[in-house]
Amino acid sequence: MSTVWYHVRDLEKARRFYREKLGFTEMYFDAADSWSRLERNGSQIALAVGEPQEDGGVAHVEVDDVKSEAARLREEGVDVGVVLELHGEMRLLEVVDPDGNRIELGQDVSTT
């Protein structure tokens, strides 16, 4: 399983965001070295203290319903884009964490 690494300025704030807003489960936390590894639906991300990189990787996370995730996140004040639909194939949503790191939520609609 591959892991996308994000640099964050405030590790505690980022850990809360990923757990509480995006539904990730924290699998490992290393307070001494200031990093954390989280997982959701088979997608892993790691957070480490540092300056966020604009051209860093983008984690793709499968969700059951992109439209409902978009509505819920907007209500909670999270920076999200518009839901894009690749006709009959997939729905995608870009989410931005508090440090500007991008996460892509995806829903396979080819079987519905």
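Remember, it's a predicted structure, so these values are computed and weren't measured experimentally. Computed from heavy atoms alone, side chains included, the values below leave out hydrogens, waters and symmetry copies.
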Contacts of type side chain to side chain donor-acceptor pair (under 3.5 Å), residue Q53, not counting sequence neighbours: none
Decide yes or no on side-chain contact (heavy atoms from CB on, under 4.5 Å) for V63 and R40, but give the supporting numbers first. CA-CA 9 Å; V63 297; R40 179 177 176 183; 3.4 Å; yes
Answer yes or no: is there a side-chain heavy-atom contact under 4.5 Å between P52 and R9? yes
Using a distance-only test with no angle check, is there a side-chain donor-acceptor pair under 3.5 angstrom linking E51 and H7? no
Do any N or O atoms from the side chain of E20 and from the backbone of L22 form a donor-acceptor pair under 3.5 angstrom? no
Is the closest side-chain heavy-atom distance between V58 and V4 below 4.5 Å? no
Between the side chain of D108 and the main-chain N/O of S110, is any donor-acceptor distance below 3.5 Å? yes
Between F24 and V49, is there shared hydrophobic-cluster membership here, with clusters defined by ILVMFWY side-chain heavy atoms closer than 4.5 Å? yes
Kindly indicate whether the side chain of D99, heavy atoms from C-beta on, has any atom under 4.5 Å from the side chain of Y6. no
How about D64: does its CG atom have over 12 heavy atoms from other parts shown lying under 6.0 Å from it? no
4.5 Å side-chain heavy-atom contact, H60 and L92: yes
E62 and M90: CA distance, side-chain angles, deciding distance, side-chain contact (heavy atoms from CB on, under 4.5 Å) verdict: CA-CA 10 Å; E62 290 291 323; M90 168 160 257; 3.7 Å; yes
Test side chain to side chain donor-acceptor pair (under 3.5 Å) applied to Y18 - qualifying residues, sequence neighbours left out: D97
Could you pull out all donor-acceptor pairs under 3.5 Å where a side-chain atom in residues 71-83 meets a protein atom, sequence neighbours excluded?
unit_1: R72; atom_1: NH1; unit_2: K21; atom_2: O; d: 3.1
unit_1: R72; atom_1: NH1; unit_2: E76; atom_2: OE2; d: 3.3
unit_1: R72; atom_1: NH2; unit_2: K21; atom_2: O; d: 2.7
unit_1: R72; atom_1: NH2; unit_2: E69; atom_2: OE1; d: 2.9
unit_1: R74; atom_1: NH2; unit_2: G81; atom_2: O; d: 2.6
unit_1: E76; atom_1: OE1; unit_2: K21; atom_2: NZ; d: 3.2

Check whether W5 and M27 end up in the same hydrophobic cluster, where Ile, Leu, Val, Met, Phe, Trp and Tyr are linked by side-chain heavy atoms less than 4.5 Å apart. no
